[in-house]
Amino acid sequence: MFPPKPDSFRGRDPELKTLARICRASASQRLALVGTGGSGKSTLACALGHHVSSRYPGGIEWFRVGGWDQQTLLDMVAIRLRIPRGVDRDRAWRIENLRRHLAARGPMLIVLDNHEDDRAMAKFLNALGGLTVTWVLTARRCLLSGVSVFPVVAPLVTAGRNPFPRVAELTKLLRWNPLALDISNALVTTGAITAPALRGWLLERGVDRVTKIEHEDDLPEVRLLVDWVWPRLDAPARRIMAVLAHQQGDHVDDRSLATLAGVRAKAGPLGKLRAWHLVQEPLEERYALHATVRHAVLRRTRFDQRRAVKHYVRLLEAQPKRLDLEQTHLFAAMDHAHVTSDLELALRVNSLLAKLGLE
């Protein structure tokens with residue numbers, strides 16, 4: 001399922017036109033949008049998909065791939081497109097079957113968002129090479145040959161313009177990072193803090209100093225904003241953030257979020273999180289955290305992953321028609337059963353796959 005067209009798309013027209021021109025040049029492409037966390041890679045990929053969708057009669061699809069291995073990537077595509085996986089057949093047959101179905105669909109654009117495992121991705125793209133598919137990867141770094149790398153920097157940075165006038169004095173301090181500026185702008189717009197006060201708080205905590213980061217998603221500009229926000233959130237809002245941070249799926253619907261966070265009135269806590277732009281809403285009433293916000297929340301929270309896995313297995317057992325929305329949660333259950341050697345869970349997942357006709 002492809003995300004809706006982004007509501008806010010600032011200063012990206014030149015990049016969008018360039019990428020659209022590349023897509024028009026050939027129906028078989030491999031592009032990688034590469035940039036730091038929060039630089040706007042996924043938003044640019046989403047806008048590109050909507051901009052060129054008419055060129056792809058076979059459809060456009062979106063997958064959050066993370067660090068999945070090659071076989072999981074192949075299974076994700078097969079399940080999304082309702083292509084028989086033939087689990088009782090060898091890998092060569094399954095790949096050839098997938099290739100035949102993709103070829104029959106005609107030109108497609110497929111976004112592989114948040115790519116992390118270069119080795120697995122190389123195997124995956126080689127297995128499905130030569131088809132009329134434009135593959136668009138988003139990644140913080142990409143060590144792949146045979147892929148055209150398109151650097152993504154913060155919009156308007158080269159022009160030296162301020163994307164959010166209300167927090168113009170924070171633009172350089174936050175290094176034009178779109179996500180950090182968006183959250184800052186939301187905090188100032190809602191009256192939670194003034195721009196000068198936020199600037200002073202950030203400087204006191206060393207936002208302008210050079211430090212070693214823990215991970216590619218450890219973005220100090222965003223981490224410090226989460227540090228400011230955290231003590232100002234109530235317990236239900238913190239639990240919602242913890243649930244979203246620890247989920248392996250793409251996004252969580254509001255009812256599942258309320259259940260897993262133990263929140264009765266979900267509208268209250270979510271209202272502040274949405275107003276401060278701490279959560280994203282890739283689909284209506286389905287929520288997620290940006291990877292950099294997620295990393296900041298993971299550092300301070302814990303969550304029982306098995307509880308979430310069981311929730312989604314029960315949900316799909318009772319409502320199999322929800323597969324399209326909950327597909328990545330199903331893969332998380334499969335992966336959890338494998339990693340933890342949980343035989344009971346593995347049997348339930350296999351039974352569910354058979355019920356869904358995915359074996």
Side-chain angles (χ1 to χ4, degrees), residues 3-4 6-8 37-38 42-43 64 164 166-167 178-195 197-198 201-202 205 217-219 221-312 314-315 319 322 325-326 328-329 332:
D7 293 329
S8 178
S42 297
T43 302
R64 187 186 66 81
F164 295 94
R166 281 180 177 267
V167 291
L179 181 65
L181 287 169
D182 184 37
I183 295 173
S184 299
N185 183 68
L187 294 174
V188 170
T189 300
T190 58
I193 189 173
T194 65
L198 184 56
W201 191 92
L202 290 168
R205 278 137 186 96
D217 285 332
D218 181 20
L219 194 69
E221 297 92 324
V222 173
R223 172 164 38 84
L224 286 172
L225 289 170
V226 172
D227 287 345
W228 186 91
V229 163
W230 197 257
R232 294 163 177 83
L233 297 176
D234 58 20
R238 292 184 189 181
R239 291 200 297 272
I240 284 176
M241 293 284 280
V243 169
L244 291 174
H246 288 269
Q247 291 308 297
Q248 300 301 309
D250 284 346
H251 35 65
V252 181
D253 71 286
D254 55 351
R255 291 187 179 182
S256 292
L257 189 54
T259 298
L260 293 170
V263 177
R264 290 185 179 180
K266 57 182 179 298
L270 266 174
K272 177 174 281 190
L273 297 178
R274 293 176 69 181
W276 287 355
H277 293 193
L278 295 170
V279 298
Q280 299 178 330
E281 193 172 359
L283 297 172
E284 186 177 1
E285 296 188 338
R286 296 188 68 90
Y287 303 95
L289 298 183
H290 188 277
T292 54
V293 175
R294 179 174 179 268
H295 180 76
V297 175
L298 283 173
R299 299 168 72 247
R300 58 172 75 237
T301 60
R302 294 182 180 181
F303 182 76
D304 182 4
Q305 189 62 37
R306 181 176 169 80
R307 192 159 66 86
V309 165
K310 284 190 169 183
H311 168 80
Y312 281 105
R314 284 195 302 269
L315 183 64
Q319 303 178 50
R322 293 179 63 98
L325 289 170
E326 315 297 356
T328 51
H329 293 291

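Just so it is clear, the values below take in all heavy atoms, side chains as well, and ignore hydrogens, waters and symmetry mates.
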By side chain to side chain contact (heavy atoms under 4.5 Å, CB included), which residues pair with T259, not counting sequence neighbours? H311
Check: M241 and V293 side chains under 4.5 Å, non-hydrogen atoms: yes
Test item: R223 side-chain N/O and D218 main-chain N/O as donor-acceptor pair under 3.5 Å: no
Apply salt bridge (charged side-chain N to carboxylate O under 4.0 Å, His left out) to R314 and list each qualifying residue two or more places apart in sequence or on a separate chain. none
Beyond-backbone contact of I240 with L233, side-chain heavy atoms, under 4.5 angstrom: no
For the pair D253 and R322, evaluate side chain to side chain contact (heavy atoms under 4.5 Å, CB included) and give the outcome as yes or no after the intermediate values. CA-CA 11 Å; D253 71 286; R322 293 179 63 98; 3.5 Å; yes
The reported gap from CG in D254 to CD in E284 (rounded to nearest 0.5 angstrom) is 9.5 Å
Between I183 and H277, which heavy-atom pair has the shortest distance, and what is it? CG1-O, 3.6 Å
Is there a salt bridge (Lys or Arg N to Asp or Glu O under 4.0 Å) between K272 and D234 once you walk through the steps? CA-CA 10 Å; K272 177 174 281 190; D234 58 20; over 6 Å; no
On a heavy-atom basis, the closest approach of P236 and P269 is CB-CG, 3.5 Å
Would you say the side chain of V222 lies within less than 4.5 Å of the side chain of H295, judging by non-hydrogen atoms? no
For the student: nearest non-hydrogen atoms of P178 and G38, plus distance: CD-O, 2.9 Å
Measuring from atom CZ of R300 to atom CG of D227, what distance do you get when rounded to the nearest 0.5 angstrom? 5.0 Å
Reported CG-to-CZ distance for the pair L273 and R238, which is rounded to 0.5 angstrom: 11.5 Å
So, the side chain of S256 versus the backbone of V252: is there a donor-acceptor pair under 3.5 Å, distance only? no
With R294 via side chain to side chain contact (heavy atoms under 4.5 Å, CB included) - residues at least two apart: A245, Q248, L289, L298
State the CZ-CD distance between F303 and Q247, to the nearest 0.5 angstrom. 5.5 Å
Any residue meeting side chain to side chain contact (heavy atoms under 4.5 Å, CB included) with A197, in chain and number order, not counting sequence neighbours: I193, T194
Tell me every residue that passes salt bridge (charged side-chain N to carboxylate O under 4.0 Å, His left out) with R274, counting only those two or more places apart in sequence or in another chain. E281
Determine, stepwise, if the pair E221 / L225 fulfils side chain to side chain contact (heavy atoms under 4.5 Å, CB included). CA-CA 7 Å; E221 297 92 324; L225 289 170; 5.7 Å; no
Which residues pass the side chain to side chain contact (heavy atoms under 4.5 Å, CB included) test with T189, not counting sequence neighbours? R166, N185
Applying side chain to side chain contact (heavy atoms under 4.5 Å, CB included), run through L283 and L325 and close with a yes or a no. CA-CA 10 Å; L283 297 172; L325 289 170; 3.9 Å; yes
Is a side-chain N or O of R232 found less than 3.5 angstrom from the main chain of W228, in a donor-acceptor match? yes
Distance col, row L270:CG vs Y287:OH, nearest 0.5 angstrom, shows 5.0 Å
Using 30° and 60° as the class limits, which term best fits the ring planes of H329 and Y312: parallel, tilted or perpendicular? parallel
Within-4.5 Å side-chain heavy-atom neighbours: S184 and L198: yes
Pairwise distance OG1(T301) to NE2(H246) - rounded to 0.5 angstrom: 3.0 Å
